[in-house]
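Below: one structure, written as structure tokens.
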Amino acid sequence: NIANEFSVKEIIFCLMELEKKQIFPQSQIDNWKSKLKDVTVARSYKVYAEKEDSPVYNWAAFCMVSEWMRYYIGVAPKDMNFIDIQAASQLQWVEENGMYRDALVHPPLVYDLVPRGLLSMLLHFGYHGEYYEQIDAALRKAGLLTLDMQSVTGELGFGGRSNGFVHNESWIALVCAFE
């Protein structure tokens with residue numbers, strides 16, 4: 001398995017921006033998009049939930065958004081069963097305040113923010129499946145808490161296993177823009 005969970009959606013977002021800005025001929029964009037038809041869940045992704053209660057953490061959220069975006073740009077069939085299974089697997093880690101709790105004893109803030117950002121992307125790009133209401137309610141609750149998580153200068157503390165990442169403020173912007 002290749003572990004494209006993290007890259008497919010990013011490739012699609014790049015292609016969408018290139019297409020919007022008309023940087024390349026449409027034939028080239030279409031050619032690149034057509035290559036995304038070769039992505040298959042079993043062959044291309046390393047970690048995803050096979051059942052709604054599968055104990056898969058945020059990798060399933062990345063995979064879910066990647067697959068939804070393939071559908072969104074028209075290079076994959078709409079597989080609501082797969083998307084709904086991933087959504088359910090992620091909701092089991094959302095606590096009563098709508099925040100995402102990773103398996104780590106003391107997860108860094110980014111481990112809450114990134115999955116919520118991915119769920120926001122899913123809704124932003126049109127997901128209205130079985131878990132839409134639950135996702136929306138959780139995002140609304142935690143959205144207000146996001147404002148309390150940052151400093152007066154708009155920064156978010158980082159640390160823990162992913163302390164090398166410096167994209168926290170980008171994820172705050174995404175979550176706040178969605179809300």
Side-chain angles (χ1 to χ4, degrees), residues 1-14 16 36 39-73 76 78-104 106-143 145-146 149 156 158 160-162 164-165 167-179:
N1 290 331
I2 303 172
N4 288 307
E5 291 85 348
F6 301 96
S7 61
V8 171
K9 72 173 179 51
E10 298 300 332
I11 292 166
I12 291 170
F13 290 144
C14 288
M16 289 170 63
L36 289 165
V39 172
T40 63
V41 170
R43 190 179 73 230
S44 302
Y45 300 131
K46 182 177 177 184
V47 179
Y48 55 90
E50 295 187 25
K51 298 182 305 182
E52 291 178 340
D53 62 350
S54 293
V56 179
Y57 290 98
N58 66 20
W59 279 48
F62 282 96
C63 180
M64 170 182 64
V65 175
S66 287
E67 280 304 290
W68 185 259
M69 293 310 298
R70 282 187 347 103
Y71 158 72
Y72 182 82
I73 66 166
K78 186 177 188 178
D79 186 351
M80 289 305 291
N81 185 53
F82 178 80
I83 300 298
D84 285 340
I85 288 172
Q86 304 318 301
S89 80
Q90 293 307 282
L91 285 168
Q92 68 183 322
W93 311 117
V94 174
E95 46 91 81
E96 66 273 4
N97 292 310
M99 300 183 80
Y100 188 94
R101 295 290 300 178
D102 198 274
L104 300 174
H106 300 291
L109 293 174
V110 72
Y111 274 58
D112 159 59
L113 222 84
V114 170
R116 285 194 295 123
L118 293 167
L119 291 169
S120 297
M121 285 180 208
L122 186 68
L123 298 192
H124 174 76
F125 286 99
Y127 170 82
H128 283 281
E130 184 176 344
Y131 298 97
Y132 173 85
E133 296 295 332
Q134 285 179 262
I135 293 170
D136 189 48
L139 291 174
R140 286 178 187 273
K141 275 186 186 178
L145 294 174
T146 300
M149 291 167 50
L156 181 74
F158 60 92
R161 189 172 81 189
S162 295
F165 297 143
H167 53 63
N168 293 350
E169 289 74 27
S170 299
W171 285 100
I172 286 177
L174 184 152
V175 167
C176 289
F178 175 76
E179 287 304 321

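Count residues from 1 along the sequence.
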Is the His124 ring parallel, tilted or perpendicular to the Phe178 ring (thresholds 30°, 60°)? perpendicular
For [X], enumerate each residue passing the side-chain hydrogen bond (donor to acceptor under 3.5 Å, both in side chains) test, keeping only those at least two apart in sequence or located in another chain.
X      : value
Glu52  : Tyr131
Tyr100 : Gln90
Thr146 : Arg116

Give every donor-acceptor pair under 3.5 Å between a side-chain atom in residues 53-65 and any protein atom, sequence neighbours left out.
| residue | atom | partner | partner atom | Å |
| --- | --- | --- | --- | --- |
| Ser54 | OG | Glu50 | N | 3.3 |
| Ser54 | OG | Lys51 | N | 2.9 |
| Ser54 | OG | Lys51 | O | 3.0 |

Heavy-atom pair of closest approach, residues [X] and [Y]:
X      : Y      : value
Val175 : Leu113 : CG2-O, 4.1 Å
Tyr127 : Ala87  : OH-CB, 4.2 Å
Gly129 : Asp84  : CA-OD1, 3.9 Å

Distance (rounded to the nearest 0.5 Å) between [X] [atom1] and [Y] [atom2]:
X      : Y      : atom1 : atom2 : value
Ser66  : Tyr45  : OG    : OH    : 4.5 Å
Gln86  : Leu118 : CD    : CG    : 12.0 Å
Met149 : Leu109 : CE    : CG    : 4.5 Å
Cys14  : Lys9   : SG    : NZ    : 9.5 Å
Phe82  : Ile85  : CZ    : CD1   : 8.0 Å
Ile73  : Ile12  : CD1   : CD1   : 4.0 Å

All side-chain contact (heavy atoms from CB on, under 4.5 Å) counterparts of Lys141, not counting sequence neighbours: none
Taking only residues two or more places apart in sequence, or in another chain, which ones meet Glu95 in a side-chain contact (heavy atoms from CB on, under 4.5 Å)? Asn97, Met99, Arg101
Any side-chain heavy-atom pair from [X] and [Y] closer than 4.5 angstrom?
X      : Y      : result
Ile83  : Leu122 : yes
Met121 : Trp68  : no
Val39  : Asn4   : no

Residue pairs passing the salt bridge (Lys or Arg N to Asp or Glu O under 4.0 Å) test with at least one member in residues 54-70, sequence neighbours excluded, are Glu67-Arg70
Could you list all the salt bridge (Lys or Arg N to Asp or Glu O under 4.0 Å) pairs where at least one residue sits in residues 127-138, not counting sequence neighbours? Asp136-Arg140
Listed by chain and number, what are the ring pair (Phe, Tyr, Trp, His ring centres under 6.0 Å) partners of Phe13, not counting sequence neighbours? Phe125
